[in-house]
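A short worksheet on the structure shown next.
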Protein chains: 2
Amino acid sequence: MQNTDTTPSTDASRAAARRQQILCAAARCFREHGFHGASIAKISAIAGMSPGHIYHYFENKEAIIAAIVAQDLESLLEMTAQFRAACNVRAALIERAAEGVVRQLDPDAAGLKLEIVAEAARNPRVAQIVNEADIICRRELAIVIGDIRRRSGHQDSPAAIDGMVEVLACLFEGLLQRTIRNPGLDRDKVTQRIQIAIDDLLNQPGEDALAARP
Amino acid sequence: MQNTDTTPSTDASRAAARRQQILCAAARCFREHGFHGASIAKISAIAGMSPGHIYHYFENKEAIIAAIVAQDLESLLEMTAQFRAACNVRAALIERAAEGVVRQLDPDAAGLKLEIVAEAARNPRVAQIVNEADIICRRELAIVIGDIRRRSGHQDSPAAIDGMVEVLACLFEGLLQRTIRNPGLDRDKVTQRIQIAIDDLLNQPGEDALAARP
DNA sequence: TAACATAGAATGAGCGTTCAATCTAGAATA
DNA sequence: TATTCTAGATTGAACGCTCATTCTATGTTA
């Protein structure tokens with residue numbers, strides 16, 4: 001806001017800021033009205049610029065949607081990377097998981113994340129972004145789970161690990177829906193039970209023992 | 001289709017059929033374009049009637065959305081009731097669960113279900129329908145889980161049971177997202193691992209033992 | 001001056017919704 | 001039986017509005 005500097009903000013950084021300003025406004029509108037219910041007029045009003053000006057930074061509305069989706073998934077990838085970076089110890093994973101659970105239980109964020117998956121179910125461009133991010137997430141989680149299992153003396157096939165990754169993902173992604181379907185849920189109790197479920201998941205029998213189980 | 005009767009099809013049943021015709025077309029449109037992307041014109045075209053005629057059966061578009069939501073949740077309630085009706089034995093629950101898992105993994109159905117939850121996050125009318133259905137589901141599941149736990153010798157507080165219900169719900173609802181985020185997942189393997197996870201869930205320690213666990 | 005940032009009106013398409021007009025088929029009448 | 005009446009089913013054009021997008025004109029800055 002000050003211009004005492006020789007070049008307070010370069011063209012590039014100014015443009016980036018404008019872009020972010022639009023994305024921020026768009027995220028809010030998409031949360032409140034959905035991708036198709038939010039109009040360029042509303043987004044531009046909240047972003048504090050004219051509708052036409054939006055088109056200097058984004059080709060069209062779908063490009064804004066794609067950017068929002070990519071931005072949201074980036075935060076997911078960060079979280080997954082944190083799982084991996086944490087020393088590969090069971091306790092550390094489970095502790096980090098608690099933070100993840102709490103984050104998933106924020107209803108505002110949940111609304112947008114669900115909107116994204118719903119859109120992915122019908123919009124190929126969004127589907128591609130989502131699918132590619134999911135591949136990365138699964139790869140990371142498979143490494144973490146594989147590590148822990150190996151330390152516990154298990155010898156699992158990749159397919160077995162993949163199955164566990166899917167269940168772990170179910171637990172986290174299911175929370176997005178729970179916080180909307182049951183807004184009054186007891187966050188602490190749920191976090192506790194999810195932690196136990198993850199612990200149990202990491203203890204599931206290997207494939208050989210699997211056939212004889214049920 | 002024959003009119004040998006005095007009144008082959010009453011006004012009421014004909015109207016009900018027309019209503020269902022509209023709902024069927026609407027479900028398809030909503031799946032393909034989302035609640036806001038689907039237009040009355042498209043719905044009426046698929047339903048095989050004029051746009052104006054739709055308004056003889058539904059007050060407005062939101063009423064159609066509400067009806068679709070209610071219809072979808074009704075099938076959920078049926079599934080939950082089946083859980084309860086099945087003899088309250090662990091094995092029976094887990095076997096039924098497998099059917100539920102498969103059903104949740106159908107990508108077409110998943111798209112509409114996710115659209116509904118996303119809409120519930122911002123549309124109070126839809127939120128109310130969803131919340132009320134969820135209360136019923138949780139009540140039923142709590143009874144089933146409570147029964148099983150009691151037979152296994154556990155004494156749980158209602159809050160503890162509620163926590164387990166939430167985790168069970170996470171597993172099922174998470175599948176809706178998994179089938180879209182990872183369309184190539186191995187359905188059999190996932191079903192197997194989910195079954196084990198549910199079995200473990202029903203074996204989680206009670207509250208007294210909980211503090212000393214991690 | 002040259003180049004870019006920005007505004008805001010203009011455009012044409014499509015939206016949800018309404019409504020007067022038409023069709024249809026059984027009841028009433030002759 | 002032949003004709004008219006009637007009420008609901010159904011149509012499709014029209015309405016007012018909002019949409020995404022484009023275009024032209026006006027700052028602004030270097």
Side-chain angles (χ1 to χ4, degrees), chain A residues 1-26 28-30 32-68 119 123 125-126, chain B residues 1-27 29-30 32-68 119 123 125-126:
Chain A
M1 309 299 179
Q2 297 171 315
N3 48 355
T4 52
D5 290 8
T6 51
T7 345
S9 54
T10 67
D11 284 3
S13 84
R14 169 186 286 263
R18 273 274 191 254
R19 254 185 80 98
Q20 198 52 46
Q21 195 178 347
I22 294 169
L23 288 180
C24 185
R28 180 173 150 194
C29 284
F30 290 156
E32 288 173 4
H33 309 285
F35 285 139
H36 298 288
S39 68
I40 296 289
K42 278 180 200 145
I43 293 172
S44 71
I46 290 180
M49 67 184 67
S50 70
H53 198 39
I54 300 254
Y55 289 83
H56 280 253
Y57 297 97
F58 293 93
E59 190 195 344
N60 52 31
K61 191 180 170 183
E62 211 201 341
I64 302 178
I65 294 176
I68 290 280
E119 181 72 13
N123 180 335
R125 184 166 169 188
V126 171
Chain B
M1 307 303 177
Q2 296 172 318
N3 48 357
T4 52
D5 290 7
T6 50
T7 348
S9 54
T10 66
D11 286 2
S13 83
R14 170 186 285 263
R18 273 273 191 257
R19 255 186 79 99
Q20 198 53 47
Q21 196 177 346
I22 294 168
L23 287 180
C24 185
C29 284
F30 289 157
E32 288 173 5
H33 310 284
F35 285 138
H36 299 286
S39 68
I40 296 289
K42 279 180 199 143
I43 293 171
S44 71
I46 289 178
M49 68 183 69
S50 69
H53 199 37
I54 300 254
Y55 289 84
H56 279 252
Y57 297 97
F58 293 93
E59 191 195 343
N60 51 33
K61 191 181 171 184
E62 211 202 341
I64 302 177
I65 294 176
I68 290 280
E119 181 72 12
N123 181 334
R125 184 167 170 186
V126 171

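Just so it is clear: chains get the letters A, B, ... in the order the sequence lines come, proteins before strands, and each one is counted from 1.
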Determine the minimum heavy-atom distance between [X] and [Y], stating which atoms define it.
| X | Y | result |
| --- | --- | --- |
| A:Phe30 | A:Ala38 | CD2-CB, 3.6 Å |
| A:Tyr55 | A:Asn60 | CE2-CA, 3.9 Å |
| B:Ala67 | B:Leu23 | CB-CD2, 3.6 Å |
| B:Ala26 | B:Ile64 | CB-CG2, 3.7 Å |

Rounded to the nearest 0.5 Å, how far does [atom2] of [Y] lie from [atom1] of [X]?
| X | Y | atom1 | atom2 | answer |
| --- | --- | --- | --- | --- |
| B:His56 | B:Arg19 | NE2 | CZ | 14.5 Å |
| B:Ile43 | B:Gln21 | CD1 | CD | 13.0 Å |
| A:Cys24 | A:Ile68 | SG | CD1 | 8.5 Å |

N or O in side chain of A:Ser50 less than 4.0 angstrom from C:dG8 OP1/OP2: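 A:Ser50 to C:dG8 OP1/OP2: no side-chain N or O under 4.0 Å.
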Short side-chain N/O contact to C:dC15 OP1/OP2 from B:Ser39, under 4.0 Å: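 Answer is yes, contact under 4.0 Å.
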Distance, rounded to the nearest Å, where [X] contributes [atom1] and [N] contributes [atom2]:
| X | N | atom1 | atom2 | answer |
| --- | --- | --- | --- | --- |
| A:Arg18 | C:dA7 | CZ | C1' | 12 Å |
| B:Ile54 | D:dT10 | CD1 | P | 12 Å |
| B:Gln21 | D:dA9 | CD | C1' | 13 Å |
| B:Arg19 | D:dT10 | CZ | P | 15 Å |
| A:Ile64 | D:dC19 | CD1 | P | 14 Å |

Could you label the plane-to-plane angle of the B:His53 and B:Tyr57 rings as parallel, tilted or perpendicular, counting under 30° as parallel and over 60° as perpendicular?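 B:His53 vs B:Tyr57 ring planes: perpendicular.
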Mind checking B:Tyr57 for me? I need base, sugar-phosphate or nothing, with any heavy atom below 4.0 Å counting as a touch.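 Sugar-phosphate contact only - B:Tyr57 comes under 4.0 Å of backbone atoms but never of a base.
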Take the C1' atoms of the five end pairs on each side of the helix from C:dT1-D:dA30 to C:dA30-D:dT1, get both axes, and report the angle to 10 degrees.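 Answer rounded to 10°: the end axes differ by 10°.
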What one-letter contact string describes nucleotides 21-29 of chain D from 5' to 3', where B marks a base within less than 4.0 Å of any protein heavy atom, S marks contact via sugar-phosphate atoms alone, and - marks no contact? BB-------
With sequence neighbours excluded, give me every salt bridge (charged side-chain N to carboxylate O under 4.0 Å, His left out) pair touching residues 33-61 of chain B.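 Found none.
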